[in-house]
Amino acid sequence: MARTHDVAVVGAGPAGLAAAVEAAEAGLDVALVDGAAQPGGQYWRHYDERHARPDDRDGHHGWPVFTGLRERLRAERSAGRVRYLPGRQVYLVTRDEAGAFTLRTTASLGEPEADAAGEVTARTLILCTGGYDRQLPVPGWDLPGVMTAGGVQALLKGHRVLAGRRAVVAGTGPFLLPVATGLARAGASVEAVAEANGTLGWLRDPVGAASVPGKAVEAAQYAALMARHRIPYRTRTVVTRILGQDRVEAVRISRVDRDGRPAGPVKEIAADLVALGWGFTPSLELALMLGADTRKDVDGSLVVAVDGFQRSSVEGVYVAGEATGVGGAVLATQEGRLSALALARSLGRPAVPGRMGRLRAAIGRGRRFAAAMHRTYAVPSAWTEWLEERTLVCRCEEVSYGDLRRAHDDLGAHDPRTLKMLARPGMGWCQGRVCGFATAGIAACLNRRETTAEDLRPLSTRSLAAPVTLGELAALDRSRDAQDDQ
């Protein structure tokens, strides 16, 4: 008979690692499922641990926190309290009549571990699914040499690969700084960092800005690195066009006003790499699959609504990290710890007085800081004015901005769901992960209103959370038939 764990934790980034070790140390039987070959997630992505070098910690903030969590994970795994399943993606979650969850997984790597069974059963869940780069279309963004900022950094951290030699980093938010300085330290010439917003937005919320003092130290460190490598930092500036024939050759940047409308001279900069980053989009496939309530966060993203103990609206399902609102690794780690402690208490395990209270207070400060950051580095409201009729919005299905306009004007597609049905954005390989946020924003703009949670939800919901083979789907059907016969 299949083993039923007390809790299954999905994701081994900062939140998932913290949740797994806290739950195991509280006496719970834990399954930790992660799509990567080694723990750390995107934030602590690093070179293959079997061939690590002393300098592999370079470019990582909070590295001692990660190594501490990794050692605790190894200890709990050796003690038999954690079943660690790397190289597995959860593509479907179901719940039986007794309330137990079944996670159906597929291999994300060529050689998954022998212990990595296709199904994992658990009484409760902690979803720590993280997020990915949010993108806005711009003319020429489909040229080779245009990458997400996170993708550029992942190549550096995980594979020691430099994506280009002459780079422009553009978008908004503090994440642009580690990407730019990482490229410079690896030998690239960073021609400019184009930040769409000003930096004085912090003054509108001084309490939120001061909620996490350590962030000011990080900012000062990055400012020093930017100065050392002589990287130009241009505020209220965006990339309005990417130029090239078979690959990126140059970009055009323009000064913009507070809303993002071009309002200044245009400058052309030669480049072979453009790293674009507009914040992050939470991965919500599994939470939405289970019917969890959602809300629109300060940064405009759809996130899972949780209470003060990381509980979602679905009984037995806790959510921690970026899926509850993008706020960084420190906040994600704190939420992961709190979710595990709250879950352990709900299952009758003893709780240390005051520990959860201190975590909740720290999470409150982290959320205030995140809100201040999102207000300072907001997606410009007039970003659709950069687009041209032929600008691709959905690259999988080759849907242009003009296609969306015509579906709206001629066919009455006044909401993202109808736009998706009639013009096909989000119907391709990525299932809206790249174009979903942009499509929802375009739909709202065409109707002269702000984006709502109802706009974002249809482009965040997916029947399967990861690509699977036909053989796996057929096996799933046979499994259901066998259950019906019993």
Side-chain angles (χ1 to χ4, degrees), residues 5-23 26 28 30-35 41-43 89-95 99-103 120 122-132 280-299 301-347 356 359-360 362-364 366-367 370-371 433 453 456-457 460-462 465-466:
H5 302 273
D6 290 324
V7 57
V9 180
V10 181
L17 266 181
V21 298
E22 288 286 354
L28 301 183
V30 180
L32 175 59
V33 187
D34 187 52
Q42 297 297 331
Y43 185 77
Q89 285 184 296
V90 179
Y91 70 88
L92 184 66
V93 181
T94 57
R95 195 172 199 178
F101 297 94
T102 298
L103 285 65
V120 176
R123 296 164 59 194
T124 59
L125 296 180
I126 302 178
L127 301 179
C128 306
T129 47
Y132 50 92
F280 297 92
T281 295
S283 295
L284 304 183
E285 294 88 349
L286 300 180
L288 292 174
M289 191 179 292
L290 291 165
D293 290 345
T294 54
R295 62 180 178 84
K296 181 183 172 183
D297 203 10
V298 178
D299 66 344
S301 292
L302 188 71
V303 300
V304 179
V306 294
D307 67 7
F309 294 96
Q310 305 304 130
R311 292 178 297 211
S312 75
S313 61
V314 180
E315 184 179 358
V317 178
Y318 293 68
V319 185
E322 310 292 59
T324 68
V326 175
V330 173
L331 179 58
T333 302
Q334 293 164 343
E335 289 187 352
R337 292 178 61 199
L338 178 62
S339 65
L341 293 173
L343 172 58
R345 185 179 66 175
S346 75
L347 295 179
M356 285 195 288
L359 277 172
R360 292 182 68 188
I363 289 168
R367 282 286 161 219
R433 289 175 176 83
L456 297 163
R457 197 172 294 112
S460 302
T461 304
R462 295 166 188 101

Student: Rounded to the nearest 0.5 Å, what separates atom CG in L343 from atom CG in L125?
Tutor: 9.5 Å
Student: Which distance, rounded to the nearest 0.5 Å, do you find between the CD of Q89 and the OG1 of T129?
Tutor: 12.0 Å
Student: With V93, which of V120, L290, V10, T102 fulfils side-chain contact (heavy atoms from CB on, under 4.5 Å)?
Tutor: L290
Student: To check you understand the geometry: which heavy-atom pair defines the closest contact between I126 and S339, and what is its length?
Tutor: CG2-OG, 3.5 Å
Student: Kindly give the heavy-atom pair with the smallest separation between T333 and P14, and that separation in Å.
Tutor: OG1-CB, 3.4 Å
Student: P282 and V326: which non-hydrogen atoms are nearest, and at how many Å?
Tutor: CG-CG2, 4.3 Å
Student: Any side-chain heavy atom of Q334 within less than 4.5 Å of one from L338?
Tutor: no
Student: Looking only at heavy atoms, which two atoms of V9 and A19 are closest? And how far apart?
Tutor: CG1-CB, 4.3 Å
Student: Looking at every non-hydrogen atom in both residues, tell me the closest pair between V319 and S312 and how far apart they are.
Tutor: CG2-CB, 4.1 Å
Student: Could D297 and R295 be called an ion pair, given the rule that one side-chain N must be under 4.0 Å from one carboxylate O?
Tutor: yes
Student: Got T281 and R433 here, is their nearest side-chain heavy-atom distance under 4.5 Å?
Tutor: no
Student: Is there side-chain contact between V317 and F101, with at least one heavy-atom pair below 4.5 Å?
Tutor: yes
Student: Measure the spacing between CG of L127 and CD of E285 and express it to the nearest 0.5 Å.
Tutor: 11.0 Å
Student: Answer yes or no: is there an ion pair linking E335 with R367, defined by an N-O contact shorter than 4.0 Å?
Tutor: yes
Student: Quick one: are T124 and D6 in side-chain contact, heavy atoms under 4.5 Å?
Tutor: no
Student: When rounded to the nearest 0.5 angstrom, what distance separates OG in S283 from CG in L288?
Tutor: 10.5 Å
Student: Does any non-hydrogen side-chain atom of L347 lie less than 4.5 Å from one of V7?
Tutor: no
Student: Write down the atom of R360, the atom of F309, and the distance for their closest heavy-atom approach.
Tutor: NH1-CZ, 3.2 Å
Student: Roughly how far, to the nearest 0.5 Å, is the CD atom of E22 from the CG atom of L341?
Tutor: 5.0 Å
